[in-house]
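Shown next, in structure tokens, is the structure this report addresses.
Bear in mind the structure is a predicted one, so any value in this text is a computation, not a measurement. Per chain, numbering begins at 1; letters A, B, ... match sequence-line order.
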Amino acid sequence: MTGRGRPLKAKSPGSKCAKSKTKSEDIKQVSLPTCPSKDFKEEKQIRTTKEQKPKQREQKKPNHTDENPSVHSKQEEKTTKHCTEEINKQQRTPTDNTKAPVRGTRAKTCAASTKSTEQSAEEITKTKPKDTTKDSIKTTKTKKDSGRSKLSEQCVEEITKAQSETAKYTTKASMKKTQAKTCASKAISPENLTEETSKMQPETPEYTTKVCAPQHRYEDKAAVDSILSTTLEKLKINKNDRANAAEVINEIIMSIIRHLENNTQCFKVVEPLRTGSYYENVKISNPDEFDVMLSIPVDRVNIKPFGDGGAFYSVSLKRGNSPLKKFQETDTSPLSASKMLEEFRKEVKKCVEVFTEWEVTKKKKGCPAVTLTTKVQSVTISLDVVLCLMVKSSWPPFAQEGLKIEGWLGTKVRQEYKRKPYYLVPKYEGRGTVEYDGVLARDVWRVSFSHVEKAILKNHGSEKTCCERVGKRCCRKDCLKLLKHLLSLLKEKDSSFDKFYSYLAKTTLLHACCSRTRDSEWRASSLSQCFQQLLEDFVGYLEEGVLPNFFIPDQNLLSCPDQKRCNSLARCIKEERDNGFPIFKHQLHSKEKVRAS
DNA sequence: AACCGCTAATTCCG
DNA sequence: CGGAATTAGCGGTT
């Protein structure tokens with residue numbers, strides 16, 4: 001639905017596929033601290049040669065002879081490939097921090113009482129009176145307060161805040177207003193204007209100074225609407241590129257699975273679990289990063305927390321017959337993540353050997369993925385193959401209190417998710433040789449709920465029909481795409497933001513959906529308000545230095561970057577917001593240039 | 001494993 | 001703008 005309005009330019013059909021990839025698409029979460037400046041290299045891939053593209057989709061034979069001539073030369077330069085070697089998906093690596101997880105343990109996570117003051121979208125237009133009240137509330141807040149209040153939103157405990165919470169909700173509702181995303185021509189009554197603008201930039205004193213006079217605010221707002229929707233258009237992935245990438249990816253994945261089945265005992269039965277932004281339909285710009293978890297079902301396991309955050313565990317098998325027992329020194333000792341990953345990696349490498357167009361990137365410390373890269377029409381695409389264990393028993397204690405989606409998706413849905421298995425990936429942080437309780441860090445596993453993240457994103461409406469043909473269209477995923485895009489552009493601009501993985505954006509959205517639970521608070525027509533509210537959420541977390549893992553409330557995803565970095569990123573975001581997102585505009589211009597040339 | 005029907009997304013076209 | 005066509009992905013069935 002809705003996706004179809006055809007884009008602007010009358011581009012010739014598949015040619016050049018649009019893409020103009022803009023550099024950095026998203027550098028996914030490059031995790032390692034040590035990872036140098038992400039990659040400049042992306043620019044190299046301007047696909048000059050793409051002319052032939054449209055029809056290209058012929059089925060190329062699997063290996064050898066790569067799809068197109070140009071590929072060869074490209075491959076040579078592989079050495080530069082983007083630092084993807086490191087790519088560690090954030091999903092599996094929420095916290096790469098080297099330091100202790102906790103700063104902000106207080107986060108109890110969300111949820112709570114969201115229902116209250118309902119107003120259906122329709123009426124929004126007339127809610128003026130309320131707006132004013134809340135405006136005042138908002139604007140008077142200090143930044144700190146706002147950050148804090150956010151947290152409190154999730155921390156159910158405080159009842160005292162109920163008031164402010166309701167104020168917030170109403171705010172949002174009022175925000176929806178009738179704005180058309182594309183702008184301009186829409187008429188908006190003056191009062192609305194002022195209200196909106198004021199709430200759009202609630203905590204930005206500088207705003208007045210830098211932006212023009214009040215009477216221009218209307219244009220500003222229209223301009224923001226326009227820039228956001230135009231940006232979103234540009235983030236769509238090209239159908240042709242998608243088809244080409246999917247073909248290549250699916251082929252290699254199937255080959256790996258078959259190889260494991262035929263040539264190994266331990267990895268004989270693996271179930272592929274396609275996760276990450278591509279499979280969640282929130283991938284932006286290019287279909288160039290894929291994540292597939294290969295999960296090994298295990299019967300009963302003993303898990304013991306490793307460290308404080310609730311994310312890492314040492315694992316041992318309860319039953320005696322598993323071929324995985326060979327990764328345990330004794331019958332009761334922990335299952336060695338490092339040994340198992342090492343063997344898995346070896347097998348994947350063996351399989352991929354015959355596919356000369358694929359390259360296996362270097363092992364990165366603590367990273368659970370075996371990252372493969374190749375080129376499709378001169379564009380590098382990477383595939384993270386992640387070994388994991390699938391455990392079909394109740395979720396670990398630290399995850400009991402997370403996933404507070406009752407107010408948004410309902411208690412039944414939550415129960416359903418919690419009955420699903422959970423996954424363990426061979427991931428650790430810090431030095432692998434550190435030992436607690438006789439367990440080496442490199443042998444621990446981190447819990448993963450990627451399957452639930454994916455399921456939630458696909459089924460994200462409070463109403464069952466959200467975004468379906470018969471339902472109303474929402475902008476939740478669009479907001480996430482924009483936030484991811486903004487984050488990746490800022491990272492590109494300042495490499496000190498390396499450690500702000502896009503998983504933070506996803507987590508922020510999930511929390512936001514728990515705070516603003518109604519579909520009417522996410523109308524597609526309110527994209528810019530919703531997005532700016534999401535930015536406010538994100539800035540709040542940054543300023544507080546606390547963003548609880550959605551599934552593990554005690555784990556703070558912002559414990560790794562220090563507070564200074566967090567503040568600095570928050571400042572950059574506010575600056576973008578207050579100036580109408582110049583970073584997006586620049587992006588558009590540069591794309592246009594590429595396209596023109 | 002092959003097939004089917006469905007959904008979400010992109011793009012074409014009127 | 002919105003319908004139609006196309007396609008990847010997915011779940012269910014045999």
Interatomic distance, [X] [atom1] vs [N] [atom2] [rounded to whole Å]:
X: Arg473(A); N: dC1(C); atom1: CZ; atom2: P; value: 14 Å
X: Ile284(A); N: dT10(B); atom1: CD1; atom2: P; value: 12 Å
X: Arg242(A); N: dA8(B); atom1: CZ; atom2: C1'; value: 8 Å
X: Arg274(A); N: dG11(C); atom1: CZ; atom2: P; value: 10 Å
X: Leu480(A); N: dA9(B); atom1: CG; atom2: P; value: 12 Å
X: Lys458(A); N: dG9(C); atom1: NZ; atom2: P; value: 9 Å
X: Ile249(A); N: dA8(C); atom1: CD1; atom2: P; value: 14 Å
X: Asn244(A); N: dT10(B); atom1: CG; atom2: P; value: 16 Å

Is it the case that over 12 heavy atoms from other parts of the model lie below 6.0 angstrom from the NZ atom of Lys420(A)? no
The side chain of [X] is closest to which nucleotide in this list: [options]?
X: Ala243(A); options: dA8(C), dC10(C), dT10(B); answer: dA8(C)
X: Lys477(A); options: dA8(C), dA9(B), dT10(B); answer: dA9(B)
X: Arg469(A); options: dC10(C), dA5(C), dT7(B); answer: dT7(B)
X: Lys481(A); options: dA8(C), dT10(B), dA8(B); answer: dT10(B)
X: Ala246(A); options: dA8(B), dA8(C), dA9(B); answer: dA8(C)
X: Lys239(A); options: dC10(C), dA8(C), dT6(C); answer: dT6(C)

Could you check if a side-chain atom of Ser450(A) sits within less than 4.5 angstrom of a side-chain atom of Tyr423(A), using non-hydrogen atoms only? no
Any side-chain heavy-atom pair from Leu387(A) and Met340(A) closer than 4.5 angstrom? yes
Using a cut-off of strictly less than 4.0 Å, decide whether [X] has a side-chain nitrogen or oxygen near OP1 or OP2 of [N].
X: Lys454(A); N: dG9(C); value: no
X: Tyr278(A); N: dG9(C); value: yes
X: Asn459(A); N: dA8(B); value: no

Working note: Asp291(A) + Tyr279(A), criterion side-chain contact (heavy atoms from CB on, under 4.5 Å); need CA distance, chi angles, decisive distance, verdict. CA-CA 8 Å; Asp291(A) 307 287; Tyr279(A) 295 104; 5.6 Å; no
Before we go on, tell me: are the rings of Phe500(A) and Phe538(A) under 6.0 Å apart, centre to centre? no
